[in-house]
Each structure stands twice: as C-alpha cells, then as structure tokens.
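One structure is given here, and the rest of the page talks about it.
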Amino acid sequence: MLDKNQIAQRIAKEVKDGYYVNLGIGIPTLVANFVRDDISVEFQSENGILGMGPFPYEGEEDPDLINAGKQTITALPGASFFDSAMSFGMIRGQHVDLTILGAMEVSQNGDIANWKIPGKMVKGMGGAMDLVASAENIIVAMMHTNRAGESKLLKECTLPLTGVACVKKIVSNLAVMEVRDGKFHLLERAPGVSVEEIQQATEGDLVVEGDIPEMKF
Amino acid sequence: MINKTVANVREACEGIEDGMTFMLGGFGLCGIPENIINELVRRNIQGVTCISNNAGVDDFGLGLLLKKHQIKKMISSYVGENAEFERQMLSGEMEVELVPQGTLAQRCEAARTGIPAFFTPAGYGTEVAEGKETREFNGKMHIMERAFEADFSFVKAWKGDEAGNLIFKGTARNFNPAMCGAGKITVAEVEELVPAGELDPNQVHIPGIFVQRIFQGEKYEKRIEQLTVRKK
C-alpha cells in the first residue's frame with residue numbers, strides 16, 4: 001500500500017517533457033517533488049503564476065507570492081504572473097496539459113466529487129469545477145477507501161458533483177486505474193497489494209485483463 | 001491627464017451605502033484592499049453583498065466585516081479558512097453563493113468589458129448549473145453565466161499614478177484587474193502613488209480609464225496565511 005508521497009511519486013511518472021501542469025491542494029502538491037529533473041515542466045497555480053518554484057528559504061518569503069493553497073512560494077527563471085481571468089482562460093482554453101487533483105469520490109463513468117459534504121463541510125469548489133470541466137488530461141490522486149474502509153471508487157457518486165465524465169486516470173494507495181467505457185480498468189497494483197484486495201476495495205465495476213503488473217517508481 | 005487621486009481612504013469611500021454590492025480583489029489575504037476594508041468596518045456599513053474569491057480569516061480581511069455581521073451575502077469560490085464564515089453560513093445568518101473560480105473571474109471580466117453573459121463548461125452537471133440555461137457547443141455542454149453587477153469595485157495594486165494607471169506585483173494581481181471597471185465606481189488603493197509620467201506606459205497592467213479614484217494606503221500589514229519555507 002502506498003503512502004501519500006508514493007502516490008505523488010507514481011503520478012510524477014505521468015508528467016512528460018514540455019508539459020504545463022496544474023497541481024491541486026494536498027497530495028497533488030507533492031508531485032512537484034518527484035518530477036525528473038532532466039525534463040522541462042512548468043507548474044501553473046491558478047491564482048496567477050506559471051513557473052512556480054519551491055517554498056522560499058526562511059526569511060525570504062514574500063506575502064505577494066503565494067500558490068492556490070495560500071502557501072508562500074518562489075518563482076523560477078522564466079516564470080510569469082497574470083490575473084485570475086487570464087489564468088482560467090489558460091485552463092478553459094486547454095493550454096494546460098495536465099491537471100492533477102484530489103477527490104472524495106470518483107464514479108466509473110469518470111464523475112468526480114471533491115467540494116462538498118452536505119451538512120458537514122462546505123468550503124467551496126475553488127477552481128476545481130473549471131479545471132475538471134476543461135482539462136483534457138486529468139489524473140486523480142486519492143485514497144481508495146475512506147477511514148471507515150468504504151470504497152471511494154463507486155458506480156455512482158453519492159456526494160454533490162464537481163464535474164461529470166471527466167476523470168481519465170486514478171492513482172490510489174492501492175492501484176493505478178484508467179476510466180474508460182463506463183468502467184474502472186486496473187493497470188497496476190501497489191507493491192504487495194493483490195488484485196483481490198483492489199477488487200474488494202472497489203465498489204464500481206473493475207475490469208481486470210491479463211496479468212496486472214506491480215507499479216514501478 | 002485626468003487626475004483620479006483622492007486624499008485618503010475616507011474620501012475614496014464617499015458614496016457607499018448600506019445594502020450595496022461591492023467587488024473586492026484578492027486571493028486569500030494576498031492583494032486585498034486592506035485600507036478600504038478597515039474603512040468599511042469603521043463606517044459600520046450594513047447589509048452589503050460582497051463579491052470576493054475568499055472571505056478572509058477570522059481576524060483579518062473580510063473576516064473583520066463578517067465578525068460585525070455587516071455582510072448580508074457573500075459570492076465566493078472558496079471560504080474554507082474562516083470559522084465564523086462557516087458558522088454564519090450554516091446557521092443561515094448570511095446568504096452564500098458559491099461560484100467556480102474561473103466563472104467568478106470571468107463574471108467580473110464580463111462586467112467590465114460589456115459582455116452581459118457567456119457560456120462556460122464549468123459546473124455543467126453539478127448543482128452550480130441548477131436553473132441556468134445550457135447549450136451545446138462543439139459537442140460539449142455549457143452553462144450560461146451572467147456578468148456581475150456591483151456598485152463599487154475595491155482593488156489593491158502595487159503602484160499607481162495620478163491618472164489611475166495600475167501595476168500589480170506577483171500573485172497579488174489575482175482578481176484585481178478583472179474587477180477594475182466592473183463596478184459602477186472603481187476605487188484603487190496602492191502601496192505607492194506616483195505623479196503621472198513616472199510609470200512606464202509599457203508596464204501598466206490596468207489603464208486609468210477603468211479607475212475612478214486612487215489613493216495611497218496608509219499602511220499595509222500584508223499578512224501571510226500559510227507560511228511555508230525551506231531551510232538553507
């Protein structure tokens with residue numbers, strides 16, 4: 001079973017040379033730490049920066065330089081700043097190559113829910129609805145089950161949706177899956193996790209074809 | 001040159017009334033019009049609708065207005081950092097309209113550029129789409145969103161000149177440009193106000209035509225919401 005850093009590490013393998021990438025809050029933020037340094041990638045933060053760098057050194061933080069998680073960051077050589085309307089123009093106009101975000105639930109037709117638990121948590125959708133509605137290439141980073149052990153990969157989402165039929169790939173603590181033709185397709189297993197365990201943890205339809213390899217990092 | 005300067009924040013906020021709709025720039029606590037927010041608190045303006053991506057934190061930014069129950073309705077995309085906000089929302093004391101962030105920005109941009117409505121795919125198939133016109137373009141479903149209507153836009157820039165030209169810094173730019181000219185009156189507060197001619201016209205982000213009043217803020221706290229650093 002993978003921890004959060006290992007999920008991020010596996011997702012980092014999906015980031016290709018020349019990609020502009022938007023990283024969501026939580027596990028997706030960690031992906032930046034694992035991208036190979038022999039490829040050229042620029043991270044976009046939707047509050048208005050392309051070319052986002054690591055956290056600043058102690059004492060060098062700038063209140064006018066933050067990411068979408070409101071954390072202090074730095075700008076790398078070649079970075080640019082822009083306003084929110086232009087930022088979402090980039091996203092809506094499909095200029096961003098890859099979007100990586102977290103989810104509370106994903107359904108087998110690619111619906112995603114990650115912004116609201118009625119009566120309990122209503123923080124708002126932020127930029128998630130814009131991102132999932134427009135991005136061609138969406139990878140979800142998530143835990144396969146909730147704290148009670150119930151599956152978060154469902155036939156149909158139970159929570160209010162963020163977007164419909166948009167998720168293409170999921171990397172969970174148990175597996176890598178593709179969402180295609182209204183089903184989850186198992187691609188890789190986490191080290192030491194069996195196909196049966198993944199099947200048991202998946203409420204939605206899971207297609208298993210042939211031998212499923214263990215993930216490589 | 002048409003001079004847009006006003007003496008101070010009190011003059012800048014002339015004409016604000018209870019029940020009005022305000023746009024306020026900023027993302028989190030970054031690039032918020034601090035001096036104007038303090039003035040709204042001081043004037044104890046009541047029953048206002050605020051269009052702002054976030055609602056501040058409990059003791060800074062729009063959180064100060066929330067604490068005094070001055071806000072009737074918030075229109076935002078993310079309000080997760082504010083306990084008082086959540087309490088007032090769940091208890092029904094305050095009305096909240098949650099809007100996808102890109103749609104929020106575009107509804108401001110549309111207002112300032114004379115576009116009454118537009119279609120976006122964001123929120124299609126979700127509760128955001130409820131009651132809205134939908135339409136298919138290029139095989140994809142979209143929902144119609146309308147431009148905002150606001151009495152005042154309150155924005156914050158890094159530098160400005162007497163003509164109302166504005167330059168922003170870093171990610172403090174965020175929602176501020178799209179709000180300039182989106183409300184009936186745009187008030188800009190800046191860290192540094194310079195005479196006309198001192199800003200390089202090539203570097204101006206927002207031309208003064210979108211700004212009616214400009215002043216230099218008395219002081220800026222520029223609080224950091226999430227300080228994240230690495231060791232040298």
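Computed from heavy atoms alone, side chains included, the values below leave out hydrogens, waters and symmetry copies. Here the structure is a predicted model, which means the values were calculated and not measured. Proteins get letters first, then strands, A, B, ... in listed order; numbering begins at 1 in each.
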Next item on the list: Kindly give the heavy-atom pair with the smallest separation between B/Glu109 and A/Ala85, and that separation in Å.
Entry: OE1-CB, 3.8 Å
Margin query: Set out, in order, the CA-CA distance, both residues' side-chain angles and the distance that settles side-chain contact (heavy atoms from CB on, under 4.5 Å) for A/Met129 and B/Tyr124, then state yes or no.
Written below: CA-CA 9 Å; A/Met129 282 194 183; B/Tyr124 178 76; over 6 Å; no
Check: Looking at OG1 of A/Thr162 and CD of B/Glu127, how far apart are the two atoms once the value is rounded to the nearest 0.5 Å?
Finding: 9.5 Å
Notebook entry, point to check: Under 3.5 Å, side chain of B/Thr126 to main-chain N/O of A/Gly163, donor-acceptor pair present?
Noted result: no
Notebook entry, point to check: Of the listed residues (B/Ala122, B/Gly102, B/Cys30), which shares the most heavy-atom pairs with chain A below a 4.5 Å separation?
Noted result: B/Gly102
Notebook entry, point to check: Who in residues 32-49 of chain A is close to chain B, using a strict under-4.5 Å heavy-atom cut-off?
Noted result: A/Glu46, A/Asn47, A/Gly48, A/Ile49
Check: Which distance, rounded to the nearest 0.5 Å, do you find between the CD1 of A/Ile73 and the OG1 of B/Thr171?
Finding: 6.0 Å
Check: Given a strict heavy-atom distance threshold of 4.5 Å, which part of A/Ala75 is in contact with chain B: side chain, backbone, both, or neither?
Finding: neither
Next item on the list: Identify which part of A/Ser80 has an atom lying under 4.5 Å from any heavy atom of chain B, answering side chain, backbone, both or neither.
Entry: neither
Next item on the list: Could you have a look at B/Ile224, B/Val229, B/Thr228 and say which one has the most heavy-atom pairs with chain A under 4.5 angstrom?
Entry: B/Thr228
Check: About how many Å separate OG of B/Ser77 and CZ of A/Phe88, when rounded to the nearest 0.5 Å?
Finding: 7.0 Å
Next item on the list: Walk me through it: do A/Asp130 and B/Gln106 pass the test side-chain contact (heavy atoms from CB on, under 4.5 Å)?
Entry: CA-CA 11 Å; A/Asp130 310 87; B/Gln106 199 58 34; over 6 Å; no
Next item on the list: Could you look at A/Asn67 and say if it's the side chain, the backbone, both or neither that has a heavy atom under 4.5 Å from chain B?
Entry: backbone
Next item on the list: Tell me, out of B/Gly28, B/Pro121, B/Gly125, B/Ser76, who's got the most heavy-atom pairs with chain A below 4.5 Å.
Entry: B/Pro121
Note to self: If you apply the rule side-chain contact (heavy atoms from CB on, under 4.5 Å), what do you find for A/Asp83 with B/Phe175, and how did you get there?
What the structure shows: CA-CA 6 Å; A/Asp83 73 87; B/Phe175 282 84; over 6 Å; no
Item checked: Which atoms of B/Met141 approach chain A - backbone, side chain, both or neither, heavy atom under 4.5 Å -> neither
Next item on the list: Go through the atoms of B/Glu221 and report whether side chain, backbone, both or neither lie under 4.5 Å from a heavy atom of chain A.
Entry: neither
Margin query: What part of B/Val128 gets within 4.5 angstrom of chain A, counting heavy atoms only: side chain, backbone, both, or neither?
Written below: side chain
Checklist line | B/Asn54 portion near chain A, given a 4.5 angstrom heavy-atom threshold | finding: side chain
Check: Under the side-chain contact (heavy atoms from CB on, under 4.5 Å) criterion, do B/His205 and A/Phe81 qualify, and how do the steps go?
Finding: CA-CA 11 Å; B/His205 293 134; A/Phe81 299 120; over 6 Å; no
Margin query: Using 0.5 Å steps for rounding, measure from the CE atom of A/Met86 to the CZ atom of B/Arg173.
Written below: 7.5 Å
Checklist line | Geometric cation-pi criterion, B/Arg230 with A/Tyr57: 6.0 Å, 45° | finding: yes
Notebook entry, point to check: Is B/Lys169 salt-bridged to A/Asp62, going by a charged N under 4.0 Å from an acidic O?
Noted result: yes
Item checked: Gap between atom NZ of A/Lys123 and atom CZ of B/Phe85 - 0.5 Å precision -> 11.5 Å
Check: Atom CD1 in A/Ile66, atom CG in B/Leu227: separation rounded to 0.5 Å?
Finding: 12.0 Å
Next item on the list: For each of B/Asn174, B/Val79, B/Leu98, B/Val96, tally heavy-atom pairs with chain A at distances under 4.5 Å, and name the one with the top tally.
Entry: B/Asn174
